[in-house]
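The structure displayed is predicted, hence computed values, not measured ones.
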Amino acid sequence: MLLRTVLAATVLCSIAVAQQQSNYPPNMPEARVETYKSVEGTDLKIWIFEPEGHKASDGRPAIVFFFGGGWRRGTPGQFRHQAKHLAARGMVAMAADYRVLDRHGVKGHKCVQDAKSAIRWARANAKRLGIDPNRLAAGGGSAGGHLAASTATLPDHDDPSGDKSISSKPDALALFNPGMVLASVPGKFELDKEQIASRAERAGVEPESISPYHHVKSGFPPAIIFHGKADTTVLYSTAELFTKKVRSVGSRCELVGYEGEIHGFFNYGRGDGSAYTDTVRRMDEFFVSLGWLEPSVSNKRSD
């Protein structure tokens, strides 16, 4: 009887988490909300999680998270718990909305435009937001990971009305099973004609123009990538390929692979919660290594 009760409670908790992560617009009472961009009749919001007692004069490191959903759907609520963690640790963490196919009828390249706009908005408003414009990270999962990496790599797909004098390139990346290789890499990653056509249709442009791997160059920001080795949606081999490319230009890129884990393994409330906990811990340690955060009590004890 007790086992059935525990199992039922676990199932109900998982359902509640899944509903929270799919709700749109999200309910995140811990954050305050601003509009970072108005485009084609849509006000795009950004949810801002701040450390306790945060002031505009603080100049804290910050991160902008982008949700996953294949450029079709999704909710900024996906990264609510990661954002809460980083805010509690001293960063200003933001979760950005962007246009998607199901709600706005847009293709992938418009999603990239919005992601670049969100980074530019955060940097342009750094003084008011109390953040350091030179310690601004981008993060995201799946399609959101692609968008975060796109802000660091793609030379094109800027919003035509955006201020290109303000850099959309982040200073660090935290990526969760991201889509990084969207076009063929001869001899290393081959797509057939049908796959290329499908990606072009979803992106609205030639896949190579929107593929982060194909635009990696010197000066790529330090990055950490979390990826399930059993992921069949975004193959682990593409994360390995991307990591090797970034390292070849002299930049730091850490790839943390998880045996047996599939796409979306990192999400809060997934499974027994161990993957979420581990990825958040490692993300925290990554920002500590950059000097953006002080070591946590647990890290100090393990030194």
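By the 4.0 Å N-to-carboxylate-O rule, R60 lies too far from E50 to be salt-bridged with it. Looking at D171 and R123, a side-chain N of the basic residue comes within less than 4.0 Å of a carboxylate O on the acidic one, giving a salt bridge. A salt bridge between E240 and K244 is absent, with no side-chain N of the basic residue lying under 4.0 Å from a carboxylate O of the acidic one. In this structure, R281 does not pair ionically with D284, as no charged nitrogen and carboxylate oxygen lie closer than 4.0 Å. Using a 4.0 Å cut-off between charged nitrogen and carboxylate oxygen, R282 and D278 count as a salt-bridge pair. Ion pair R199/E194 not flagged as a salt bridge, since none of the NZ, NE, NH1 or NH2 atoms sits closer than 4.0 Å to an Asp/Glu carboxylate oxygen. Using a cutoff of 4.0 Å between basic side-chain nitrogens and carboxylate oxygens, K37 and D43 are not scored as salt-bridged.
Using modelled atom types, no side-chain atom of N267 and backbone atom of R270 make a donor-acceptor pair closer than 3.5 Å. R73 places no side-chain N or O within donor-acceptor distance of the main-chain N or O of V100, the cut-off being under 3.5 Å. Listed for the E261 side chain is no donor-acceptor partner under 3.5 Å among the backbone atoms of Y258. Here the side chain of S251 pairs no donor or acceptor atom with the backbone of R247 at under 3.5 angstrom. When atom types are taken as modelled, the side chain of H215 and the backbone of S150 share no donor-acceptor pair closer than 3.5 angstrom. Judged purely by atom type and a 3.5 angstrom limit, T277 uses its side chain to pair as donor or acceptor with the backbone of G273. Under a 3.5 Å cut-off, the side chain of R89 and the backbone N or O of E294 do form a donor-acceptor pair. Put simply, the side chain of S211 never gets that close to the backbone of E208: no donor and acceptor are under 3.5 Å apart. For R99 (side chain) and H104 (main-chain N/O), no donor-acceptor pair under 3.5 Å exists by modelled atom type. D192 contributes a side-chain N or O that, together with a main-chain N or O of Q195, makes up a donor-acceptor pair within less than 3.5 Å.
Considering all non-hydrogen atoms of both residues, I131 and A62 come closest at CG2-CB, 3.7 Å. Considering all non-hydrogen atoms of both residues, I196 and P207 come closest at O-CG, 3.8 Å. Heavy-atom minimum distance, P170 versus A148: CG-O, 4.4 Å. Of all heavy-atom pairs spanning G264 and N177, the tightest one is N-OD1, 2.9 Å. When every heavy atom of V92 is checked against every heavy atom of P51, the shortest pair comes out as CG2-CD, 4.0 Å. In terms of heavy atoms, S289 sits closest to F286 at OG-O, 2.5 Å.
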(request) Go through the steps to decide whether L290 and R252 satisfy the test side chain to side chain contact (heavy atoms under 4.5 Å, CB included), and finish with yes or no. (result) CA-CA 11 Å; L290 296 180; R252 174 183 173 183; 3.6 Å; yes
(request) Test side chain to side chain contact (heavy atoms under 4.5 Å, CB included) on L255 and Y236 and set out the steps. (result) CA-CA 10 Å; L255 174 59; Y236 183 72; 3.6 Å; yes
(message) Could you walk me through whether T279 and F265 satisfy the side chain to side chain contact (heavy atoms under 4.5 Å, CB included) test, starting with their C-alpha distance in whole Å, then the side-chain angles of each, then the deciding distance to 0.1 Å, before giving a yes or no?
(response) CA-CA 10 Å; T279 55; F265 74 100; 4.0 Å; yes
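Between P222 and L173 the shortest side-chain heavy-atom distance does not fall below 4.5 Å. Considering only heavy atoms from C-beta on, H214 comes within 4.5 Å of V185 through its side chain. Residues V39 and L44 have side chains in contact (heavy-atom distance under 4.5 Å, counting atoms from C-beta outward). For the pair K110 and H157, the minimum side-chain heavy-atom distance is 4.5 Å or more. The side-chain heavy atoms of V64 and I119, taken from C-beta on, include a pair separated by under 4.5 Å. F287 has its side chain out of reach of P61: every pair of non-hydrogen atoms, C-beta onward, lies at least 4.5 Å apart. Within the 4.5 Å cutoff, no side-chain heavy atoms of F189 are placed close to those of S184. Taking 4.5 Å as the limit, every side-chain heavy atom of L101 sits out of range of all side-chain heavy atoms of V106.
For the pair K245 and Y213, the cation-pi criterion (under 6.0 Å, within 45° of the ring axis) is fulfilled. With a 6.0 Å cutoff to the six-membered ring centre and a 45° limit on the axis angle, R103 counts as a cation-pi contact of Y24.
L147 and V205 end up in the same hydrophobic cluster when Ile, Leu, Val, Met, Phe, Trp and Tyr side chains are linked at under 4.5 Å. Both L293 and I224 sit in one connected hydrophobic cluster of ILVMFWY residues. Membership requires side-chain heavy atoms under 4.5 Å apart, directly or through other members. Neither M28 nor F65 shares a network with the other; the hydrophobic side chains, linked directly or stepwise wherever heavy atoms of I, L, V, M, F, W or Y lie under 4.5 Å apart, form separate groups for each. Transitive grouping of hydrophobic side chains (ILVMFWY, heavy atoms separated by less than 4.5 Å) brings V246 and I225 into a common cluster. Cluster annotation: I166 is not connected to W121 through the hydrophobic network of ILVMFWY side chains, with a link wherever side-chain heavy atoms come within less than 4.5 Å.
Checking H263 against T232 by side-chain atom types alone, no donor-acceptor pair falls below 3.5 Å. Side-chain N/O atoms of Q113 and D158 include no donor and acceptor closer than 3.5 Å. Using a 3.5 Å distance cut-off with no hydrogens or angles, the side chains of K116 and T151 do not pair a donor with an acceptor.
Here the straight-line distance linking atom CZ of R80 with atom CD of Q78 works out to 13.5 Å at 0.5 Å rounding. Atom-to-atom distance recorded for L175:CG and S142:OG is 11.5 Å, nearest 0.5 angstrom. The line from CE of M91 to CG of D132 is 10.5 Å long, rounded to the nearest 0.5 Å. Here the CD-CZ distance, from E30 to F49, works out to 5.5 Å after rounding to the nearest 0.5 Å. Here the straight-line distance linking atom CD1 of I262 with atom OG1 of T233 works out to 7.5 Å at 0.5 Å rounding. Between L129 atom CG and L136 atom CG the span is 10.0 Å, to the nearest 0.5 Å.
You'll find the ring centres of F67 and Y98 inside the 6.0 Å limit. Checked against the 6.0 Å centroid threshold, F266 and Y276 do not count as a close aromatic pair. Checked against the 6.0 Å centroid threshold, F79 and Y268 do not count as a close aromatic pair.
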